[in-house]
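The structure under discussion appears below in the form of structure tokens.
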Amino acid sequence: MAGIIGYGAYMPRNRIKVEEIAKVWGADAPSYKRGLMLQEKSVPSPDQDVITMSVEATKHALTRAEIDPSKIGAVYVGSESHPYAVKPSGTVLAEAIGATPEVHCADFEFACKAGSEAMFVCMGLVDSEKIEYGLAVGADTSQGAPSDALEYSAAAGAASFVIGRDPGVAKVIETYSFMTDTPDFWRRSYMHYPRHAGRFTGEPAYFKHIMGCAKGIMAKVKMEPKDFAYVVFHQPNGKFPQRVGKMLGFTKEQIDPGWLSPTLGNTYSGSSPMGLTATLDVAKPGDMVLMVSYGSGAGSDGFVFEVTDRIDEVRNVAPGTRELLDKKTYIEYGTYAKYRRKIRMGE
Amino acid sequence: MSTSAKYWRGIPQRYRLEAEKCTDCGAQFFPPRVVCSGCGGREFEEIKLDDRGKLLTYTVIRVGPSEFCEQTPYAMGIVELEGGVRMTGQIADVDFDDLEVGLPIKIEFRKIREEGEAGILCYGYKFVPDK
């Protein structure tokens, strides 16, 4: 049976508050904060991207996994903001951790669920005994167009998982996917910013797919919300994961440990995976954890994990997700615009 | 002109901090050398440098090259890693008021530069405060 052998997260130190963005565009900050349940978001420095964050998150995952990186047989990075259009982010990651050259490598893309895709595929390869260990990363430095609602949430972060066979820190009890063609959010070739379908991104997109996936996987394992210690949903803002959790019958106490978006923002492919790393930071042996990702376009991957005794041995050997979240430096909109290359420079 | 070949040759050092240790006198070298400057030995074992150390000296660049204009002002420093190797690099994520000799440092993987709009992206190590 496949399991998570090691896990790690990483996020930039820069933060920008909702008030700072709203001030520039003449928007009403309190209504954004109340409506989206967002306070601030992470912002990458000019020298940080999906590749650098993936490497740092993976260093933490390998510290917890305590394995020889050369035994990793697959490196998959899921993102919608890969630095290269052609050249896999995973090539740099695999080289940086010493996993080359006998390793399969690919970049995945499925809006915000590219990271859970990487996890899903690694688990299948481990279960089929094609590889001993696989590395699955979800990372993004996504952008929202200036003044668009997405600008208040599009953030940066990464989560990395070493997937292998037992014993790990969490056994994979079940996986499940729920996917349809739903054009709620997209970015065409050569376009800098994504487009979205406004309120259509809610009920027929996020809520339908997360509900469908959560109900489907719980039926598969014959479990109910009360059987789980924790649940993690994709977090495009602060409001949606709390709302979908309530609709499914989960309590705030089950959701809150992995609910990072109010002070982190939406880290896209890193979102639910980082929620999982934060949850593993506090989980106890024997706890059951449900994770359901969501990627626009649209689909959800569901995972049921059972936390093992090893969590207590490795939890504190690398930085915790909320420990990283607490290290921050606030920046103004001008610095944010410079860092995110929203200013047209001379040629 | 692309510097792919030059960049590629430095990957073991830039990405993984691979260094060498003289098998005769134990001196560590980064990047690797052919002859030990301590004892003249020519036999080395490959080692991986520790990713933590302390700041020996620093300066703040306020007028940088044009390709670093997004990061100006930024700090540069010489760090001595545990094991004795000294290396030069950029100090990221630091408040300049916190810069002081002896500051604990750890190494992070960062983008060093871009070869223009269409060239390769060059990655490597930078220093960040270890706190």
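Below, chains carry the letters A, B, ... as their sequence lines are ordered, and counting in each starts from 1.
Sorted pairs that involve residues 30-42 of chain B and meet side chain to side chain donor-acceptor pair (under 3.5 Å), not counting sequence neighbours, are lacking altogether.
No other option in Ala85(A), Pro83(A), Gly98(A) has as many heavy-atom pairs under 4.5 Å with chain B as Pro83(A). With chain A as partner, the option from Arg16(B), Arg14(B), Arg110(B) having the largest number of non-hydrogen pairs under 4.5 angstrom is Arg110(B).
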Between Thr263(A) and Glu40(A), is a side chain to side chain donor-acceptor pair (under 3.5 Å) present by the stated rule, with each step listed? CA-CA 5 Å; Thr263(A) 51; Glu40(A) 59 198 41; 5.4 Å; no

Is there a salt bridge (Lys or Arg N to Asp or Glu O under 4.0 Å) between Asp130(B) and Arg52(B) once you walk through the steps? CA-CA 8 Å; Asp130(B) 185 16; Arg52(B) 283 179 157 77; 2.9 Å; yes

Please lay out, stage by stage, how Lys126(B) and Asp47(A) fare under the test salt bridge (Lys or Arg N to Asp or Glu O under 4.0 Å). CA-CA 10 Å; Lys126(B) 286 190 181 180; Asp47(A) 60 357; 2.8 Å; yes

Using side chain to side chain contact (heavy atoms under 4.5 Å, CB included), reason through Glu151(A) and Lys342(A) one step at a time and then give a plain yes or no. CA-CA 12 Å; Glu151(A) 191 179 25; Lys342(A) 294 174 187 286; 3.8 Å; yes

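In this structure, chain B has a heavy atom under 4.5 Å from the side chain of Lys327(A), while its backbone stays farther away. Heavy-atom distances place no part of Glu18(B) under 4.5 Å from chain A, backbone and side chain included. When heavy atoms are compared at a cutoff of 4.5 Å, Met53(A) does not approach chain B at all. Both the backbone and the side chain of Val92(A) come within less than 4.5 Å of a heavy atom of chain B. Of the two parts of Ile11(B), only the side chain, counted from C-beta on, holds a non-hydrogen atom closer than 4.5 Å to a non-hydrogen atom of chain A. Looking at Lys131(B), only its backbone comes within 4.5 Å of chain A, counting heavy atoms on both sides. Heavy atoms of Glu56(A) lying under 4.5 Å from chain B belong exclusively to its side chain.
For Tyr123(B) and Phe109(B), the ring centers sit closer than 6.0 Å to each other. Taking the six-membered ring for Trp, Tyr333(A) and Tyr336(A) have ring centres closer than 6.0 Å.
At least one donor-acceptor pair closer than 3.5 Å links the side chain of Arg15(A) to the backbone N or O of Arg13(A).
Residues of residues 67-96 of chain B that come within less than 4.5 angstrom of chain A, heavy atom to heavy atom, are Cys69(B), Glu70(B), Gln71(B), Thr72(B), Ala92(B), Asp93(B), Val94(B), Asp95(B) in numerical order.
Both the sub-6.0 Å distance and the 45° axial angle are not jointly satisfied by Lys41(A) relative to the ring of Tyr152(A).
Below 30°, between 30° and 60°, or above 60°: for His104(A) and Tyr76(A) the angle between ring planes is above 60°, a perpendicular geometry.
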